[in-house]
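Note that the structure is predicted; figures quoted are calculated from it, not measured.
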Amino acid sequence: EKNKRVEKAVAALKNNDLSAFLDEISASGNSSFKYLQNVYTNIAPNEQGLSLALLITELTLGKNDKKSAWRVHGGGFAGTIQAFVPLSDKDEYKSALDNIFGKGSCCPLSIRAFGAIKVI
């Protein structure tokens, strides 16, 4: 199912369908959290930082009618989530995470219009 979601997400991006892309990101994130359970390690089940970050993200971003998406990102267990946040919610979201995990815990990134580019 993960591979199918990637194909759908790529197709959505090629068709400039941001809503469909974000839906696939959310579906992938739900699968990672609920089914793969790769947001914590069995060695230290009392450490639930990623689960808490996903909850705070859902409470902060899930309350509006704007499109956003979030998921555990990377190899799992590393303490990283990825959230696609509307610019209008960026400051509130960053503040919510920084208040729980410490200042600088949330690192806003921007997606540029150009993909990977060779820099000379």
Practice problem: Consider only side-chain N and O atoms of Ser32 and Lys2, and report whether a donor and an acceptor are under 3.5 Å apart. | Solution: yes
Quiz item: Ion pair present between Asp23 and Lys67, side-chain N to carboxylate O less than 4.0 angstrom?
Solution: yes
Self-check item: Pairwise side-chain contact, Ser28 with Glu1, heavy-atom cut-off 4.5 Å (strictly under)
Solution: no
Quiz prompt | Leu13 side, atom CG; Lys8 side, atom NZ - distance, nearest 0.5 Å | solution = 14.5 Å
Quiz item: Hey, does the side chain of Thr57 reach the backbone of Ala53 with a donor-acceptor pair shorter than 3.5 angstrom?
Solution: yes
Self-check item: Identified side chain to side chain contact (heavy atoms under 4.5 Å, CB included) counterpart of Glu24 within the set Lys4, Arg71, Arg5
Solution: Arg5
Quiz item: Given side chains that start at C-beta, do those of Ser95 and Asp91 come closer than 4.5 Å, heavy atoms only?
Solution: no
Practice problem: Please check if the side chain of Asp89 supplies one atom and the backbone of Leu61 the other of a donor-acceptor pair under 3.5 Å. | Solution: no
Quiz item: Is there a donor-acceptor pair closer than 3.5 Å between any side-chain N or O of Thr60 and the backbone N or O of Ile56?
Solution: yes
Exercise. Considering only Ile, Leu, Val, Met, Phe, Trp and Tyr, and joining two whenever side-chain heavy atoms are under 4.5 Å apart, list the other residues clustered with Val6.
Key: Val10
Quiz prompt | Nearest non-hydrogen partners of Lys94 and Pro108, listed with the distance | solution = CD-CG, 3.8 Å
Practice problem: Assess whether atom CG of Leu87 is packed by more than 12 heavy atoms of other residues, nucleotides or ligands within 6.0 Å. | Solution: no
Quiz prompt | Interatomic spacing from CD1 in Ile81 to CG in Leu97 - rounded to 0.5 Å | solution = 6.0 Å
Practice problem: Could you note down all residue pairs passing ring pair (Phe, Tyr, Trp, His ring centres under 6.0 Å) where residues 89-112 supplies at least one of them, sequence neighbours left out? | Solution: none
Practice problem: Just do the side-chain contact (heavy atoms from CB on, under 4.5 Å) check on Gln82 and Trp70 with the steps written out, would you? | Solution: CA-CA 6 Å; Gln82 178 182 46; Trp70 50 90; over 6 Å; no
Quiz prompt | Single-linkage hydrophobic cluster, 4.5 Å side-chain cutoff, Tyr35 and Val72 together | solution = no
Exercise. Kindly work out whether a path of hydrophobic side-chain contacts (I/L/V/M/F/W/Y, heavy atoms less than 4.5 Å apart) joins Val39 to Leu36.
Key: no
Practice problem: May I ask whether Ile100 and Leu59 are part of the same hydrophobic cluster, defined by side-chain heavy atoms of I, L, V, M, F, W, Y residues being less than 4.5 angstrom apart, directly or through others? | Solution: yes
Exercise. Please tell me if the side chains of Ser68 and Val85 come closer than 4.5 Å, counting only heavy atoms from C-beta onward.
Key: no
Quiz prompt | Distance (rounded to the nearest 0.5 Å) between Asn15 CG and Phe21 CZ | solution = 13.0 Å
